[in-house]
Amino acid sequence: MSHAARGAASEWPPPSGRRLAVASAGRADLAAVRAHVAAALADADPAVRDGLVLAVDELCANVVLHAYAAPGGPLTVDVAANDATDDTGAAAVCYRITVVDAGPPFDPTSVAEPDVSLPLDARPVGGLGLSLVRRTTDAFHWARVDGHNVVTLEKLDPRAPSSRSAIP
Amino acid sequence: MQISVVQQDHVTVVAVVGSLDALTADTLTAALQEQVQAGHTRLVAALEGLEYTSSAGLRVLLGTLKDARQRGGDLRLAGAQERVRRVLELSGFLSILKSYPDVPSAVASFPA
């Protein structure tokens, strides 16, 4: 965990795969954030794509609702694809998404996991967003770099290379 | 996102079309609260046209479910698409909310 977090920090500013930069982000920008991630992951497995779109929406919603009061602040979302191997050693793609905001220091990876097995009455209304981020990604890191929160998500897509390649 | 409300027999069907996120969830909260306040606590959320939900949408459903059950009613789901079902499943909601394949079966699940 700490190794990957240092890796994210050393790559500041984040590598721009497909970048969306919003100067003054608010709730109305969330649809554009989702569209950006979906377009950048057009080749990905649909379940991987849907999961990452959701994860990024949850992170950005937290930023615009809690870190930025009106009139908002800067937000960037970078989507990059790197060659990787899956558990069996087969070629795969690892998607890496970096979300950067200039709000107060906040480590979303430190938020406790809600108990989703609790009965209805015992369940808090809320607290689910970051749980969904964990459930739809393989890695979830935070670093504070030069006055910015840098959150990095990673997800392995085993199917991506075969779906893109021609007949061998 | 569009919301439409229809009374079917003794059940209130609230159809949600589009995307539920931190921007649009408040509109659905207001629509559902209005029904609960009016005593319409047997509710069906018709989700055939819902293409996406984040946790903001789940919060609305959970809050309304609690209110409706406290007043002797219930909130039941109908016709959720696979993508929305997956989010409900990941968050454990399918174990606390009753979900039906379509609106007629969800409406019929309430006793007359």
Is it possible for you to check whether B:R83 lies under 6.0 Å from the centre of the six-membered ring of B:Y52, through NZ or CZ, and within 45° of that ring's axis?
-> no
So, A:E58 and A:R134, do they make that salt bridge, N to O below 4.0 Å?
-> no
Ignoring hydrogens and geometry beyond distance, is a side-chain donor-acceptor pair present between [X] and [Y] at under 3.5 Å?
X      : Y      : answer
B:S105 : B:D102 : yes
A:N82  : A:R96  : no
A:T76  : A:R19  : no

Residue part contacting chain A, namely of [X], when any heavy atom lies under 4.5 Å:
X     : result
B:T53 : backbone
B:I96 : side chain
B:S54 : both

Could you tell me which portion of A:L65 (side chain, backbone, both or neither) has an atom closer than 4.5 angstrom to a non-hydrogen atom of chain B?
-> side chain
Among the listed options A:G26, A:A28, A:A61, the residue most often paired with chain B at heavy-atom distances under 4.5 Å = A:A28
